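Scroll down for the structure; my scribbles are underneath it.
Since we're looking at a predicted model, the values are computed, not measured. Here is the naming used below: chain letters follow the sequence lines, and residue numbers restart at 1 for every chain.
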Amino acid sequence: GENVEQHPSTLSVQEGDSAVIKCTYSDSASNYFPWYKQELGKRPQLIIDIRSNVGEKKDQRIAVTLNKTAKHFSLHITETQPEDSAVYFCAVTYNFNKFYFGSGTKLNVKP
Amino acid sequence: EADIYQTPRYLVIGTGKKITLECSQTMGHDKMYWYQQDPGMELHLIHYSYGVNSTEKGDLSSESTVSRIRTEHFPLTLESARPSHTSQYLCASTLLGNTIYFGEGSWLTVV
């Protein structure tokens, strides 16, 4: 099966700084890579995703980059705000069957 | 509104009791999943279903069982609850070409 590793497990940044979270995966056939944000006591919610035929995708302050050759993808958050504080999960799937999740990154944005 | 509905949201039960966690989705999705998650921690896949009458065990061993008699309904049953079953249970669903969506979760405490 797929093996997804996510780093770092915790990340603390000052408000306004950038944050980067990286995930690596093992199955080269994987073709869809979403990122989820989970606030305390709430369900994980999709914030951005990327498909294997695209190298980068941006949505306002967040972006995802994908390196298929190296089998890793990263979440980039610029101009961080306190409301960005949450746990972030990456996920990997081949053809939208089983989704394999990373172990999560707890992001703390200090005001 | 199209969503994934879980009941009960919060439950405290005694050891040895039988409990069924309900999950229904009105999104027309064919694939459904159950994840177990301690607060802010990894998402562990315990059961999944690709369609009616199709169920599989996930990557984390679980003493629970599931059924899929109707497309929109995917209940999870614990025959004899133990304190080690105390956790949050997240139901999720997806359709080919779509990302995975989560319900709000059922918080189970076994005393």
Side-chain angles (χ1 to χ4, degrees), chain A residues 1-12 21 23 26-27 30-54 57 59 64 73 75 85-108, chain B residues 1-7 9-10 21 23-25 27-51 54-61 66 87-109:
Chain A
E2 177 68 271
N3 182 38
V4 181
E5 293 190 1
Q6 182 173 343
H7 298 281
S9 56
T10 59
L11 180 59
S12 190
I21 304 169
C23 284
S26 59
D27 188 352
S30 294
N31 56 6
Y32 177 69
F33 310 89
W35 283 92
Y36 288 82
K37 176 184 181 182
Q38 187 177 29
E39 296 176 347
L40 191 63
K42 297 193 175 180
R43 61 177 132 180
Q45 295 203 305
L46 177 75
I47 55 171
I48 196 166
D49 57 6
I50 194 167
R51 298 179 190 240
S52 59
N53 58 347
V54 177
K57 184 176 178 180
D59 182 5
V64 54
F73 59 111
L75 176 70
S85 295
V87 179
Y88 292 80
F89 292 95
C90 65
V92 175
T93 183
Y94 170 66
N95 281 352
F96 304 88
N97 286 321
K98 285 178 76 173
F99 282 73
Y100 297 88
F101 286 86
S103 53
T105 296
K106 184 174 182 180
L107 174 64
N108 179 35
Chain B
E1 181 182 339
D3 204 347
I4 304 173
Y5 299 94
Q6 290 188 239
T7 57
R9 293 290 320 284
Y10 304 92
L21 304 180
C23 175
S24 293
Q25 51 92 7
M27 306 175 85
H29 289 173
D30 55 350
K31 301 181 183 66
M32 297 187 74
Y33 312 82
W34 277 103
Y35 289 86
Q36 183 176 346
Q37 185 191 33
D38 291 329
M41 304 296 284
E42 282 188 70
L43 291 152
H44 296 287
L45 179 66
I46 52 175
H47 295 283
Y48 62 100
S49 167
Y50 289 164
S54 153
T55 61
E56 301 285 345
K57 287 188 178 292
D59 304 314
L60 180 68
S61 175
V66 292
S87 189
Q88 179 184 206
Y89 293 84
L90 285 161
C91 182
S93 71
T94 186
L95 182 67
L96 182 64
N98 286 269
T99 196
I100 190 168
Y101 292 94
F102 290 89
E104 291 187 287
S106 292
W107 293 86
L108 176 65
T109 301

What donor-acceptor contacts under 3.5 angstrom involve side-chain atoms of residues 95-104 of chain B, with partners at least two apart or in another chain?
unit_1: T99(B); atom_1: OG1; unit_2: Y32(A); atom_2: OH; d: 3.1
unit_1: T99(B); atom_1: OG1; unit_2: Y36(A); atom_2: OH; d: 2.7

Separation of D3(B) CG from R43(A) CZ (nearest 0.5 Å):
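Answer rounded to 0.5 Å: 4.5 Å.
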
Please output the residues of residues 97-104 of chain A in contact with chain B, using a heavy-atom cutoff of under 4.5 Å, in numerical order.
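Interface residues of residues 97-104 of chain A: N97(A), K98(A), F99(A), Y100(A), F101(A), S103(A).
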
Taking side chain as everything from C-beta outward and backbone as N, CA, C, O, which of these in P34(A) sits under 4.5 Å from a heavy atom of chain B? Side chain, backbone, both or neither.
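Side chain only.
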
Does M27(B), at its CE atom, have more than 12 non-hydrogen atoms belonging to other residues, nucleotides or ligands within less than 6.0 Å?
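Above 12, so yes.
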
Whether over 12 other heavy atoms sit under 6.0 Å from Y94(A) OH:
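It does not: Y94(A) OH has 12 such atoms or fewer within range.
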
Heavy-atom proximity to chain A below 4.5 Å, by part of E56(B):
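Answer is neither: E56(B) stays 4.5 Å or more from chain A.
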
With a 4.5 Å cut-off on heavy-atom pairs, point out which of K106(A), Q6(A), Q38(A), K42(A) contacts chain B the most.
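The residue among K106(A), Q6(A), Q38(A), K42(A) with the greatest pair count is Q38(A).
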
Can you name the residues that form a ring pair (Phe, Tyr, Trp, His ring centres under 6.0 Å) with Y50(B), not counting sequence neighbours?
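So Y50(B) forms a ring pair (Phe, Tyr, Trp, His ring centres under 6.0 Å) with Y48(B).
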
Return each pair, listed once, that meets salt bridge (charged side-chain N to carboxylate O under 4.0 Å, His left out) where at least one residue sits in residues 32-44 of chain B; pairs must be two or more places apart or across chains.
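Qualifying pairs: none.
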
